[in-house]
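This report concerns only the one structure given below.
Chain letters run A, B, ... following the sequence lines, proteins first and then strands; every chain starts at 1.
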2 protein chains.
Amino acid sequence: MPSITRRRSDAADRRGGVETQILDTVARLLAEGAGFTELGVQRIAAESGVARSTFYLYFADKTQLLLRLAASMSQTSFGITAAWRPEAGVEALTATFAEVIATYRANAALLTAVQETSAYDPAVRDFWNGRLEAFRDNTRQVIAAEQQAGRTPADIDPAVATHLMIDGGDRFLLRHVTTDDGSGDAAAARELAATWWYGIFRRPATDERRRR
Amino acid sequence: MPSITRRRSDAADRRGGVETQILDTVARLLAEGAGFTELGVQRIAAESGVARSTFYLYFADKTQLLLRLAASMSQTSFGITAAWRPEAGVEALTATFAEVIATYRANAALLTAVQETSAYDPAVRDFWNGRLEAFRDNTRQVIAAEQQAGRTPADIDPAVATHLMIDGGDRFLLRHVTTDDGSGDAAAARELAATWWYGIFRRPATDERRRR
DNA sequence: ACTTCGTCGGACACTCTGTCCGACAATCAG
DNA sequence: CTGATTGTCGGACAGAGTGTCCGACGAAGT
């Protein structure tokens, strides 16, 4: 890793070295099941092989470390869901959620840490909420468009339905990947897709319901 | 150490005294928007008008205090949802959720504290999970019975659908009552009821879907 | 008057946090 | 080669908070 012909990049190299080292170490500790709250700076520094004071040269505090870790998390989930269009139907939605579950599973430890910390740290809460807001925006627009096209009942409140899907779905998915060994992934994706599809996107219209 | 020849009025004395005083004070502080994690024993004791050392005569730690507070929370939510039967239909389900929202709103501060603490404290997490398990049991049974009767598709996994409804619904409801001023309660109840009803209980059967 | 009880208030040991600073080796400039 | 710069170390430090312990003290009950 150290370069022979060192230029100004020397500082950048080293800086990136220690920082990456710390980030990787924490990611590993979280993956091993450590609770982020119980994980002290002392422990992080020791496991990273640096002095505790050095930790503070790179991160103002543990929260900043978590935010940087979370920011590095692949943002593929959004791309996956944004790619789905109602015209593709419920089978495509199932496939979409199967992919989302895979990314949740890949980042389960980090997601758990974020959820744990966002419960009492406003900075982390705002960060995660902002991340979810991208999903909400997209979902609201899709619902509104379907309502325009007459395929989704007009009496559905897009904002409320969106919160149910995104916030409720986020909780469901996180719980699922932290308690299920993977054998239930397909069922979870199917259930999630079918419930949103028949419960919201293709919910029977009010007049259709009356006829039943 | 515990006293030996103490009268039975001991509990009654405490109930009218220091213990209730502390519990009430913390409930008030939480209602005023204090975060439970940031709430120190020092502050709790001072606001309760007792010495800090006296706090430890009644509670082993802050977690025990929260668990006792949570245990005192009215358990009406379960009674409300358990009373609903599929035969009553989606309108009755909407009314049920409206009542549930009212109880969530009445206990919003405490629920937030529980959720916040359960993120990193296993004892609190287990407590709340156990509380939700009663709802899950009931829901699983209702789904299974509806499947037996042929009114709910047999290919739905009752356990997965239940987790989506209870865990996802819990998150949705808590978020709702902590961000909405109450004007959206009716819409939230309607959306929740309709989505579970048409997305799960009355989801079109597979052969019916094919015909579409 | 004497005991018992609950509470008080403070001391204590401990842990963790974030800051600071002198030491020190590696590296770079002239 | 010399001197300055850089990044890290290791430890000291103040502050906050936790849970334990104990002597003091007033308000009872007998």
List in chain and number order the residues that pass salt bridge (Lys or Arg N to Asp or Glu O under 4.0 Å) with [X], two or more places apart in sequence or in another chain; answer none if no residue qualifies.
X         : answer
Glu91(A)  : none
Asp180(A) : Arg105(A)
Asp121(B) : none
Arg28(B)  : Glu32(B), Glu47(B)

Between [atom2] of [N] and [atom1] of [X], the distance in whole Å:
X        : N       : atom1 : atom2 : value
Ile44(B) : dG17(D) : CD1   : C1'   : 12 Å
Gln21(A) : dG7(D)  : CD    : P     : 18 Å
Tyr56(A) : dT8(D)  : OH    : P     : 17 Å
Glu38(A) : dC16(C) : CD    : C1'   : 13 Å
Asp61(B) : dT20(D) : CG    : C1'   : 13 Å
Lys62(B) : dT18(D) : NZ    : C1'   : 10 Å
Gln42(A) : dT19(C) : CD    : P     : 16 Å
Tyr58(B) : dC8(C)  : OH    : C1'   : 12 Å

>> Minimum heavy-atom separation for Ala161(B) and Ile156(B), please, with both atom names.
In response: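 It is CB-CG2, 3.9 Å.
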>> Quick check on contacts: within residues 26-37 of chain A, what sits under 4.0 Å from DNA chain C by heavy-atom distance?
In response: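 Here the set is empty: none.
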>> Any residue in residues 48-55 of chain A with a heavy atom nearer than 4.0 angstrom to DNA chain C? Just list them by number, or reply none.
In response: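 DNA chain C contact set from residues 48-55 of chain A: Arg52(A), Ser53(A).
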>> Do Arg85(B) and Val142(B) have side chains that approach each other closer than 4.5 Å (heavy atoms only, starting at C-beta)?
In response: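 Counting from C-beta outward, Arg85(B) and Val142(B) do come under 4.5 Å.
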>> Once ring pair (Phe, Tyr, Trp, His ring centres under 6.0 Å) is applied, what residue pairs with a partner in residues 24-57 of chain B remain, sequence neighbours excluded?
In response: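 Listed by first then second residue: Phe55(B)-Phe59(B).
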>> Can you pull out every ring pair (Phe, Tyr, Trp, His ring centres under 6.0 Å) where at least one residue sits in residues 113-146 of chain B? Sequence neighbours excluded, please.
In response: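 Counting only pairs at least two positions apart or across chains, the ring pair (Phe, Tyr, Trp, His ring centres under 6.0 Å) contacts touching residues 113-146 of chain B are Tyr120(A)-Tyr120(B), Phe78(B)-Phe135(B).
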>> How bent is the helix from dA1(C)-dT30(D) to dG30(C)-dC1(D), measuring the angle between the end axes built from five pairs each, rounded to 10°?
In response: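 Between the first-five-pair axis and the last-five-pair axis there is 10°.
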>> List the residues meeting side chain to side chain donor-acceptor pair (under 3.5 Å) with Thr195(B), not counting sequence neighbours, and say none if there are none.
In response: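 If we apply the side chain to side chain donor-acceptor pair (under 3.5 Å) test to Thr195(B), skipping adjacent residues, the hits are Arg203(A).
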> Who are the side chain to side chain donor-acceptor pair (under 3.5 Å) partners of Glu116(A), not counting sequence neighbours?
Replying inline: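 In terms of side chain to side chain donor-acceptor pair (under 3.5 Å), with neighbours along the sequence ignored, Glu116(A) is linked to Thr37(A).
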> By side-chain contact (heavy atoms from CB on, under 4.5 Å), which residues pair with Arg190(A), not counting sequence neighbours?
Replying inline: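 Applying side-chain contact (heavy atoms from CB on, under 4.5 Å) to Arg190(A) gives Thr94(A), Ala186(A), Ala187(A).
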